[in-house]
Amino acid sequence: DFFMIHNEIILDMPYNSKKISKLLEKIFNQLCDCVYSQGRHTSMGKRASIIQYGELVNSKTFSSFLNSVGVKNKWFDSRMCIKTYGTLSNARIKEFESEQLINKYVPKLLHDHNLLITPGFICKDWKSGENSLLKLDGSDITAAKLADSLIANIITYFKDVYGVCGEDNPTPEHTSNIFRYIYLND
């Protein structure tokens, strides 16, 4: 039912909806397999595996949409580069190892493609290889880590909140510690 609702929305859109619909069907089938294999018990690792599908659906749909309207891009899975430690549902980036992997894979992708689309927030645990989730503003943290590792000059965020929150802030509305600018070389 969840897929059917999303699929109806996709099929009503005026772009290459059949291709995107097939992509979403594959992701939703993977999600169903993941959920049904859980039974009633859900570990933190399995929770992270389930939650990842929202990021995958959003980033892959966005990438497919852009390609269908002539904005050529390449989707890539940030989990192959962003490695974490700590709890699987509240992980922290393993800085050195992630930077090495980013510099191993991403420059080649950028050489071959002008625009990369990647999910944020979801990563892989450095030791176990299980899916892990970053803390608050995890997608922003993913973008910042990619930009810092690649020595980028600019990060552009498209957000539904005003600014980027620090890790310890519960909501942007209830804090004065919102970063409107992040200087990568500081």
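Just the heavy atoms: all of them, side chains too, but no hydrogens, waters or symmetry mates, feed the values below.
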Taking every non-hydrogen atom, the tightest pair across [X] and [Y]:
X	Y	answer
Leu134	Ala91	CD2-O, 3.6 Å
Ser98	Ile93	OG-CG2, 3.6 Å
Ile155	Ala143	CD1-O, 3.9 Å
Leu88	Asp125	CD2-CB, 3.7 Å
Val71	Asn73	O-ND2, 3.2 Å
Lys72	Leu115	O-CB, 3.8 Å

Worksheet item: Between the side chains of Asn131 and Lys124, is a donor N or O closer than 3.5 angstrom to an acceptor N or O?
Response: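 Side-chain D/A pair, Asn131 to Lys124: present.
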Can you tell if the side chain of [X] reaches within under 4.5 Å of the side chain of [Y], non-hydrogen atoms only?
X	Y	value
Leu110	Leu150	yes
Leu56	Arg79	yes
Asn67	Trp75	no
Asn90	Leu133	no

Worksheet item: Counting only heavy atoms not in Asn114, do more than 12 sit closer than 6.0 Å to its CG atom?
Response: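 At most 12 heavy atoms, drawn from other residues, nucleotides or ligands, come within 6.0 Å of this atom.
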Discussion item. Atom CZ of residue position Phe62 - does it have more than 12 heavy atoms of other residues, nucleotides or ligands inside 6.0 Å?
Written reply: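 At most 12 heavy atoms, drawn from other residues, nucleotides or ligands, come within 6.0 Å of this atom.
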Item to complete: Tell me whether Leu146 is reachable from Leu116 by hopping between hydrophobic residues (I, L, V, M, F, W, Y) whose side-chain heavy atoms are closer than 4.5 Å.
Response: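 Same cluster: Leu116 reaches Leu146 through Ile, Leu, Val, Met, Phe, Trp or Tyr contacts under 4.5 Å.
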Worksheet item: Do Val57 and Ile122 share a hydrophobic cluster (ILVMFWY, side-chain heavy atoms under 4.5 Å, transitive)?
Response: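 Yes, Val57 connects to Ile122 through the hydrophobic network.
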Euclidean distance, [Y] [atom2] relative to [X] [atom1], rounded to 0.5 Å:
X	Y	atom1	atom2	answer
Lys83	Leu101	NZ	CG	6.0 Å
Ser149	Lys104	OG	NZ	15.0 Å
Gln52	Ser132	CD	OG	10.0 Å
Arg92	Lys94	CZ	NZ	13.0 Å
Asp77	Tyr105	CG	OH	12.0 Å
Lys60	Ile117	NZ	CD1	13.5 Å

Discussion item. Among residues at least two apart in sequence or on other chains, which ones pass side chain to side chain contact (heavy atoms under 4.5 Å, CB included) with Ser78?
Written reply: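 Residues passing side chain to side chain contact (heavy atoms under 4.5 Å, CB included) with Ser78: Ile82, Thr118, Pro119, Thr142.
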